[in-house]
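Remarks on the structure that follows.
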Amino acid sequence: MKGLPPLIWLQAFEAAARTMSFTAAGQELSVTQAAISQRIRLLEDRLGQKLFVRHPRSLTLTPAGQAWLPSVPSRTRAGTVTTTRIGSTK
């Protein structure tokens with residue numbers, strides 16, 4: 001078993017699934033659209049299934065992406081909240 005995917009991959013998936021846009025997810029996470037695309041591709045490779053259907057100007061979740069999404073936000077948001085709290089103590 002490979003264990004959990006890296007947190008940045010999960011954050012990219014959660015943000016892209018919520019916004020239905022790699023560009024918007026990148027803006028939210030302060031990375032490029034290409035970085036989000038790469039993280040999603042790596043996550044899909046790790047899972048062995050596509051999570052998104054890519055259209056010319058939009059995304060839709062595949063059935064696998066829809067099934068996987070509910071288990072992701074609690075893990076990724078916890079990491080984001082911790083990072084935000086640490087950053088705000090400066």
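Just so we're clear, the structure is a prediction, and the values are computed from it rather than from any experiment. Atom set for the values below is all heavy atoms of this structure, side chains included, hydrogens, waters and symmetry mates excluded.
- Under the side chain to side chain contact (heavy atoms under 4.5 Å, CB included) criterion, Gln66 pairs with Leu61, sequence neighbours left out.
- The line from CD1 of Ile40 to CG of Asp45 is 11.5 Å long, rounded to the nearest 0.5 Å.
- Every residue two or more places apart in sequence or in another chain was checked for a side-chain hydrogen bond (donor to acceptor under 3.5 Å, both in side chains) with Arg46, and none qualifies.
- Not counting sequence neighbours, the partners of Leu47 by the side chain to side chain contact (heavy atoms under 4.5 Å, CB included) test are Leu43, Gln49, Leu51, Trp68.
- Residue pairs that meet the salt bridge (charged side-chain N to carboxylate O under 4.0 Å, His left out) test with at least one member in residues 57-66, sequence neighbours left out, do not exist here.
- The CG atom of Leu4 sits 7.0 Å away from the CG atom of Leu10 when rounded to the nearest 0.5 Å.
- For the side-chain contact (heavy atoms from CB on, under 4.5 Å) criterion with Trp9, the lone passing option out of Glu14, Gln38, Arg39 is Arg39.
- Under a hydrophobic clustering in which Ile, Leu, Val, Met, Phe, Trp and Tyr are joined whenever their side-chain heavy atoms come within less than 4.5 Å, directly or via other members, Phe13 and Val53 fall into different clusters.
- Partners of Phe22 under the ring pair (Phe, Tyr, Trp, His ring centres under 6.0 Å) rule, at least two apart in sequence or in another chain, are Phe52.
- Sorted by first and then second residue, the salt bridge (charged side-chain N to carboxylate O under 4.0 Å, His left out) pairs with a member in residues 23-37 read Arg18-Glu28; sequence neighbours excluded.
- Comment: Glu44 engages Arg54 in a salt bridge, judged by a side-chain N to carboxylate O separation of less than 4.0 angstrom.
- Residues forming a side-chain hydrogen bond (donor to acceptor under 3.5 Å, both in side chains) with Thr19 (at least two apart in sequence, or on another chain): none.
- The nearest pair of heavy atoms linking Leu59 to Ala16 is CD1-O, 4.5 Å.
- Partners of Gln27 according to the side chain to side chain contact (heavy atoms under 4.5 Å, CB included) rule, which considers only residues two or more places apart in sequence or in another chain, are Thr23.
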